[in-house]
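Written out below as structure tokens is the structure these notes cover.
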Amino acid sequence: GRRAKEAMARGDRLIEIAPALGGEVARDPSFDGPFIRFKTGESSTYCHQSLLFEGRSQIVTTFECRVGFRAFFEATSTGSLRYPTRFPRFRELEPEASFRIVTTDAPWAKEILDSGLRPILAEFGRRWGRARIQLAVDRFLVEVESSVTPAQAADLARLVAGVADLGRAA
């Protein structure tokens, strides 16, 4: 727990990953620690890491892209150590590609799945057993409950680019 937290505070893994993303490690008060800043097309994208649970060493690697969507949508893999977000306005849909889905707008969620998110989720689920995608009005997140290698980060960045394209087209 303590060593993992110290390594994250230094940005040890991010320094290794940054070249694979064509980005740079930076610090800003709006983030809890260091992060990688890079572009997905023309959109600002960030990669950062945190501990899943305080006092444990389980790492979450998050890709955050500043492309927005019409409503809130969250897909949490069935193998995730986290539960889907709960809120009175959220409605749970039928699972897709081993992901539990919650959204604020069920008809729109079905549209976004049909317009290309479904195969992205299927690929994501095949490669990462513990993962989550959150789409929101001002940004989206792609998260895996593990550390990643530079090659895995580059693969995740391609997945992020696919989600960003859906957001721009919507």
Side-chain angles (χ1 to χ4, degrees), residues 8 14 17 21 28 30-33 35-41 43-54 56-148 152-170:
M8 277 190 304
L14 297 179
I17 296 167
L21 300 175
D28 185 275
S30 62
F31 284 87
D32 288 339
F35 59 93
I36 301 169
R37 180 181 16 230
F38 66 104
K39 291 280 190 185
T40 299
S43 303
S44 296
T45 307
Y46 309 93
C47 174
H48 51 94
Q49 294 182 320
S50 59
L51 292 178
L52 183 58
F53 302 113
E54 196 61 41
R56 296 230 182 119
S57 59
Q58 183 68 43
I59 293 172
V60 175
T61 302
T62 301
F63 286 75
E64 179 178 325
C65 184
R66 300 299 167 108
V67 172
F69 289 81
R70 193 169 83 206
F72 180 84
F73 174 101
E74 180 183 85
T76 304
S77 65
T78 55
S80 175
L81 298 175
R82 297 176 286 180
Y83 293 104
T85 302
R86 298 257 183 242
F87 194 70
R89 290 187 0 200
F90 292 175
R91 179 161 172 242
E92 188 158 358
L93 304 181
E94 289 296 314
E96 285 281 345
S98 76
F99 284 87
R100 292 179 61 187
I101 310 285
V102 295
T103 184
T104 54
D105 185 336
W108 170 80
K110 290 181 174 122
E111 283 175 30
I112 199 81
L113 284 162
D114 292 343
S115 69
L117 187 57
R118 187 172 283 112
I120 290 172
L121 278 179
E123 179 186 344
F124 193 38
R126 276 193 303 275
R127 296 173 149 230
W128 300 94
R130 296 193 315 252
R132 174 182 279 176
I133 293 179
Q134 275 187 354
L135 311 179
V137 295
D138 61 342
R139 73 191 71 183
F140 70 89
L141 305 176
V142 172
E143 298 181 313
V144 294
E145 294 175 5
S146 69
S147 184
V148 297
Q152 290 169 326
D155 284 346
L156 282 165
R158 283 189 283 283
L159 188 135
V160 167
V163 176
D165 288 344
L166 288 175
R168 286 188 204 99

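As the structure is a computational prediction, the values presented were derived from the model and not from experiment.
- For Gln152, the side chain to side chain contact (heavy atoms under 4.5 Å, CB included) criterion is met by Trp128, Val148, Thr149, not counting sequence neighbours.
- Every residue was checked against the side chain to side chain contact (heavy atoms under 4.5 Å, CB included) condition with Pro119, not counting sequence neighbours, and none meets it.
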Derivation of the side chain to side chain contact (heavy atoms under 4.5 Å, CB included) call for Lys39 and Ser44: CA-CA 5 Å; Lys39 291 280 190 185; Ser44 296; 3.7 Å; yes
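- For the side chain to side chain contact (heavy atoms under 4.5 Å, CB included) test, residues two or more places apart in sequence or in another chain that qualify with Thr62 are His48, Val60, Leu141, Glu143.
- Counted within 6.0 Å of CZ on Arg82, heavy atoms from surrounding residues, nucleotides or ligands total more than 12; the atom is thus considered enclosed.
- Rounded to the nearest 0.5 Å, atoms OG (Ser146) and CZ (Arg130) are 7.0 Å apart.
- In terms of the salt bridge (charged side-chain N to carboxylate O under 4.0 Å, His left out) criterion, residue partners of Asp114 (sequence neighbours excluded) are, by chain and number, Arg118.
- Take Phe73 and apply the ring pair (Phe, Tyr, Trp, His ring centres under 6.0 Å) test, not counting sequence neighbours, and it matches no residue.
- Not a single side-chain hydrogen bond (donor to acceptor under 3.5 Å, both in side chains) links Thr103 to another residue, sequence neighbours left out.
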Enumerate donor-acceptor pairs with a distance under 3.5 Å from any side-chain N or O in residues 158-165 to protein atoms, sequence neighbours excluded.
{"from": "Arg158", "atom 1": "NH2", "to": "Asp155", "atom 2": "OD1", "distance (Å)": "2.2"}
{"from": "Asp165", "atom 1": "OD1", "to": "Arg168", "atom 2": "NH1", "distance (Å)": "3.0"}

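- Here the shortest heavy-atom pairing between Leu166 and Gly116 reads CD1-C, 3.8 Å.
- Taken from OG1 in Thr76 to CZ in Phe99, the straight-line distance is 8.5 Å, to the nearest 0.5 Å.
- Listed for the Ser98 side chain is no donor-acceptor partner under 3.5 Å among the backbone atoms of Ser77.
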Audit row: Leu121, Ile101, side chain to side chain contact (heavy atoms under 4.5 Å, CB included) steps and yes/no: CA-CA 11 Å; Leu121 278 179; Ile101 310 285; 4.1 Å; yes
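- Here the OG atom belonging to Ser50 is positioned 14.5 Å from the CZ atom belonging to Phe35, to the nearest 0.5 angstrom.
- Glu145 contributes a side-chain N or O that, together with a main-chain N or O of Leu81, makes up a donor-acceptor pair within less than 3.5 Å.
- From Thr61, atom OG1 reaches atom CG of Leu14 across 8.0 Å, with rounding to the nearest 0.5 Å.
- For Arg66, the salt bridge (charged side-chain N to carboxylate O under 4.0 Å, His left out) partners are Glu64, not counting sequence neighbours.
- Here Arg89 pairs with nothing under the salt bridge (charged side-chain N to carboxylate O under 4.0 Å, His left out) rule; sequence neighbours left out.
- Taking the side chain to side chain contact (heavy atoms under 4.5 Å, CB included) definition, one finds that Thr85 meets it with Glu74, Phe90, Arg132, Gln134, sequence neighbours left out.
- Between Arg70 atom CZ and Asp105 atom CG the span is 5.5 Å, to the nearest 0.5 Å.
- Annotation: salt bridge (charged side-chain N to carboxylate O under 4.0 Å, His left out) contacts of Glu92 (sequence neighbours excluded): Arg86, Arg100.
- The line from CZ of Phe63 to CG of Leu21 is 5.0 Å long, rounded to the nearest 0.5 Å.
- Partners of Thr45 according to the side-chain hydrogen bond (donor to acceptor under 3.5 Å, both in side chains) rule, which considers only residues two or more places apart in sequence or in another chain, are Thr40.
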Check against side chain to side chain contact (heavy atoms under 4.5 Å, CB included), Phe124 and Val142: CA-CA 10 Å; Phe124 193 38; Val142 172; 3.6 Å; yes
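- Between Ala109 and Leu93, the closest heavy-atom pair is CB-CD1, 3.6 Å.
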Criterion side chain to side chain contact (heavy atoms under 4.5 Å, CB included) on Phe140 and Val67, from CA distance to verdict: CA-CA 7 Å; Phe140 70 89; Val67 172; 4.0 Å; yes
